[in-house]
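Quick notes on the structure that follows.
Chain naming here is simple, since letters A, B, ... match the order of the sequence lines and numbering starts at 1 in each.
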Amino acid sequence: MDAFYVAVELLRRPELVGKPVIVAGGGPRAVVTTASYEARRYGVGSAMPVSQAMRLCPDLIRLPVDMAHYRERSAEVMRRVNELGVPTEPASLDEIYLDLNGVPDPVARMSALVRRIREELRLTASVGIGPNKLVAKVASDAEKPAGFVVLTREQAAERFAGAPPRLLPGIGPKTAERLDALGVKTIRDLQAFPVGELVRRFGEHHGRGLHDRAHFRSDAPVARRELKSRSVEETFDFDIADPAELERILVRQAERLAAELAQRKVAGRTIAIKVRLDDWTTYTRAKTIDHRTADPETIRTVAMALLRANPPARPVRLLGVRVGGFEERRAERPAAEGENLSLLPA
DNA sequence: TCTGGGGTCCTTAATCGT
DNA sequence: TCTGACGATTAAGGACCC
């Protein structure tokens with residue numbers, strides 16, 4: 001979906017259409033969640049501090065985040081997507097992969113879908129069609145908004161050859177910087193870079209991944225993914241140094257998190273806290289217990305023990321709690337002769 | 001008035017059992 | 001009893017994505 005949160009907001013604020021608009025959190029430390037295309041012309045973009053965005057565009061209109069509403073509108077979109085009856089993989093509220101293998105005329109089906117979304121929901125979507133998720137993703141981004149790009153792997157490798165490596169998903173600021181230092185300025189440079197050298201410098205996995213990506217090779221299946229962890233975290237408007245206050249906040253977060261786990265009917269074995277200090281140093285501390293839990297008392301007690309064992313040395317900017325390890329623990333070890341598997345812990 | 005919140009995946013290191 | 005290989009698990013940090 002194109003500028004999804006803003007687009008949804010503009011449906012109820014039609015007088016703002018055509019103006020530079022952002023959806024952003026409140027408070028002095030908020031960042032931009034989504035910017036309208038008009039705002040982007042000023043250089044405003046996602047993840048930018050709102051303070052900076054306002055400096056770039058003083059007339060910027062700032063709307064608060066209303067996730068519950070975006071979730072509802074997203075469900076309306078996703079219902080229409082899923083009516084195609086093909087395997088899907090939601091990537092977020094506003095992105096979804098479809099496995100169109102075996103679908104007779106995928107281009108026609110997808111343009112009909114986009115038309116439906118436009119006419120029934122008054123929202124615009126962009127589509128990328130390709131032989132794998134990587135090509136589809138980059139193609140869908142290429143002509144936003146309302147783009148519709150169909151490419152083979154070879155066409156993608158040629159069409160984006162002149163673009164910076166940063167265009168490829170998985171290559172972020174750090175990797176782009178390291179590649180730049182190696183003289184790799186474009187995807188073409190990356191395509192030509194010896195894979196052995198990439199492996200030597202970035203490691204087996206990442207190195208080979210960079211080479212494959214540059215050539216738009218990808219074999220990740222379209223498959224729905226299970227939730228692995230759930231967390232609650234909060235950046236304070238003002239840094240907090242008082243340990244008692246931090247503990248009160250942690251208790252609230254633990255209880256909120258437990259409620260969400262219960263609602264989703266999941267439970268986990270690993271409980272972790274996250275602390276970000278005023279100088280932006282961040283640490284996490286985790287403890288894995290012998291059973292899965294969603295119990296507020298347990299989560300609160302473990303989180304509190306982790307905080308007390310690791311008291312922040314400076315004022316705290318962010319505090320959070322996480323529960324992970326949802327999946328069933330499975331003994332991979334082959335059974336010894338005569339061993340009774342049924343006596344093993346779950 | 002620098003830098004959110006909710007996630008995933010990978011790497012590295014330590015530890016433990018067979 | 002010691003040693004090494006190896007696989008699994010845990011912990012911590014970091015890169016990346018929307």
Side-chain angles (χ1 to χ4, degrees), chain A residues 1-5 22-35 45-56 64-65 67 70-71 74 89-96 133 137 140-141 165-166 168-178 202-210 213 220 225-239 253 256-257 260 264 269-276 278-290 306 309-310 317-327 329-337 339 344-345:
Chain A
M1 302 302 295
D2 304 326
F4 185 57
Y5 297 176
I22 57 170
V23 170
R29 288 168 164 174
V31 299
V32 175
T33 297
T34 313
S46 293
M48 174 182 288
V50 171
S51 52
Q52 188 185 342
M54 295 303 299
R55 246 179 280 127
L56 288 171
V65 180
M67 286 306 298
Y70 311 147
R71 254 190 291 274
S74 171
E89 176 184 330
S92 65
L93 279 189
D94 74 329
E95 283 192 356
I96 186 166
K133 290 202 290 184
K137 166 75 174 154
S140 76
D141 287 334
R166 194 71 177 76
L168 298 169
I171 300 183
K174 301 288 185 179
T175 305
E177 183 66 34
R178 288 174 66 187
F202 290 88
E204 176 67 34
H205 186 90
H206 196 196
R208 214 161 284 281
L210 288 170
R213 267 194 204 89
R225 277 109 68 86
E226 292 194 352
L227 189 66
K228 296 267 185 3
S229 71
R230 179 84 201 170
S231 62
V232 169
E233 66 183 51
E234 184 188 358
T235 294
F236 311 125
D237 288 351
F238 304 97
D239 301 334
Q253 292 178 330
R256 210 180 105 200
L257 182 52
E260 292 188 13
R264 286 158 204 269
R269 293 179 55 230
T270 304
I271 296 158
I273 61 164
K274 175 173 168 182
V275 180
R276 175 128 70 215
D278 64 349
D279 64 356
W280 204 250
T281 59
T282 306
Y283 60 88
T284 61
R285 293 294 181 268
K287 171 131 188 85
T288 298
I289 60 177
D290 65 0
L306 288 168
N310 302 276
R317 174 191 180 90
L318 170 151
L319 185 62
V321 201
R322 179 173 57 85
V323 172
F326 292 168
E327 65 285 322
R329 188 168 36 151
R330 273 300 312 151
E332 309 285 337
R333 174 177 58 83
E337 197 141 357
E339 187 176 12
L344 284 176

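- Residue A/Arg256 is in sugar-phosphate contact alone, with no base atom involved, counting any heavy-atom pair closer than 4.0 Å across all strands shown.
- Residue A/Asp2 contributes atom CG, which lies 14 Å from atom C1' of C/dC18 at whole-angstrom precision.
- Both A/Val50 and A/Arg264 sit near DNA chain B, but only A/Val50 has its closest nucleotide nearer the 5' end.
- In this structure, the CD atom of A/Glu226 is 15 Å from the C1' atom of B/dG7, given to the nearest Å.
- Residue A/Lys174 has its side chain nearest to C/dA15 when only C/dG13, C/dA15, B/dG4 are considered.
- In terms of the salt bridge (charged side-chain N to carboxylate O under 4.0 Å, His left out) criterion, A/Arg285 has no residue partners (sequence neighbours excluded).
- For the salt bridge (charged side-chain N to carboxylate O under 4.0 Å, His left out) test, residues two or more places apart in sequence or in another chain that qualify with A/Arg208 are A/Glu204.
- Contact annotation: A/Arg225 does not reach the phosphate of B/dG7 (side-chain N/O to OP1 or OP2, under 4.0 Å).
- Separation of the P atoms belonging to C/dC18 and B/dT3 is 23 Å when rounded to the nearest angstrom.
- Rounded to an integer number of Å, the gap from A/Lys133 NZ to C/dC18 P is 13 Å.
- The side chain of A/Glu233 approaches B/dG6 more closely than any other nucleotide in the set C/dC17, B/dG6, B/dT1.
- Here A/Ser92 lies in heavy-atom contact (under 4.0 Å) with sugar-phosphate atoms only.
- A pairwise comparison of heavy atoms in A/Ser229 and A/Gly324 identifies CB-CA, 3.8 Å as the closest pair.
- Within a 6.0 Å radius of OH in A/Tyr283, other residues, nucleotides and ligands contribute more than 12 heavy atoms.
- Phosphate proximity of B/dG7 to A/Arg322: absent, as no side-chain N or O sits under 4.0 Å from OP1 or OP2.
- A sub-4.0 Å separation between OP1 or OP2 of B/dG5 and a side-chain N or O of A/Thr33 is absent.
- With sequence neighbours excluded, no residue forms a salt bridge (charged side-chain N to carboxylate O under 4.0 Å, His left out) with A/Asp237.
- Within the 4.5 Å cutoff, no side-chain heavy atoms of A/Met1 are placed close to those of A/Glu95.
- One can place NZ of A/Lys228 at 17 Å from C1' of C/dT10, the figure rounded to the nearest angstrom.
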Which atom pairs, donor and acceptor, lie under 3.5 Å between side-chain atoms of residues 24-31 of chain A and protein residues at least two apart or in another chain?
residue : atom : partner  : partner atom : Å
A/Arg29 : NH1  : A/Phe236 : O            : 2.7
A/Arg29 : NH1  : A/Asp239 : OD1          : 2.9
A/Arg29 : NH2  : A/Asp239 : OD1          : 3.0

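- Backbone-only contact: A/Gly170 has heavy atoms under 4.0 Å from sugar-phosphate atoms and none from a base.
- Each of B/dT3, C/dA12, C/dA15 was ranked by its minimum atom distance to the side chain of A/Arg317; first place goes to B/dT3.
- Nearest to the side chain of A/Leu227, among B/dT3, C/dC16, B/dG7, sits B/dG7.
- Taking every side-chain heavy atom of A/Ala286 into account, C/dA12 is the closest of B/dG4, C/dA15, C/dA12.
- A salt bridge links A/Glu89 and A/Arg225; the closest N-O separation between the charged side-chain nitrogens and carboxylate oxygens is under 4.0 Å.
- Considering only side-chain N and O atoms, A/Thr288 lies nowhere under 4.0 angstrom from the phosphate OP1 or OP2 of C/dT10.
- Residue contacts shown for A/Lys274 are absent, as no nucleic acid heavy atom lies under 4.0 Å away.
- Among the protein residues, A/Tyr283 comes within range of the sugar-phosphate backbone only, with heavy atoms under 4.0 Å from sugar or phosphate atoms but none that close to a base.
- A search for side-chain contact (heavy atoms from CB on, under 4.5 Å) contacts involving A/Thr282 returns A/Lys274, A/Arg276, not counting sequence neighbours.
- Rounded to whole Å, atom P of B/dG6 lies 12 Å from atom CZ of A/Arg276.
- A/Arg55 comes within 4.0 angstrom of a nucleotide base, judged by non-hydrogen atoms across all strands.
- The phosphate of B/dC2 has neither OP1 nor OP2 within less than 4.0 Å of any side-chain N or O from A/Ser51.
- Atom name C1', nucleotides B/dT15 and C/dG4: the rounded distance is 16 Å, in whole Å.
- Look at A/Lys137 and you'll find a side-chain N or O under 4.0 angstrom from OP1 or OP2 of C/dC18.
- If you take CG of A/Asp290 and P of C/dT10, they are 10 Å apart, rounded to a whole angstrom.
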Write out a two-atom table: protein N or O, nucleotide N or O from nucleotides 11-15 of chain B, distance below 3.5 Å.
none

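- Nucleic acid contact class of A/Thr175 (heavy atoms, under 4.0 Å, all strands): sugar-phosphate only.
- A/Val232 comes within 4.0 angstrom of the backbone, heavy atoms only, and of no base.
- The structure places CZ of A/Phe326 at 13.0 Å from CZ of A/Arg269, a figure rounded to the nearest 0.5 Å.
- Heavy atoms of A/Leu168 sit under 4.0 angstrom from primed sugar atoms or phosphate atoms, though from no base atom.
- A/Leu93 comes within 4.0 angstrom of nothing in the nucleic acid, heavy atoms only.
- Looking at heavy-atom distances under 4.0 Å, A/Ala47 makes contact with a base.
- Because its glycosidic torsion is within 90° of 0, B/dC2 is reported here as syn.
- Looking at which nucleotide of DNA chain B each of A/Leu318 and A/Ser229 is closest to, the 5′-most match is held by A/Leu318.
- When heavy atoms are screened at a 4.0 angstrom cut-off, A/Arg166 is found touching the sugar-phosphate backbone but no base atom.
- The interatomic distance linking A/Glu234 (CD) with B/dG6 (P) rounds to 9 Å, in whole Å.
- For A/Glu95 and B/dG6, the CD to C1' distance is 15 Å, given to the nearest whole Å.
- For the pair A/Arg29 and B/dT3, the criterion of a side-chain N or O lying under 4.0 Å from OP1 or OP2 is met.
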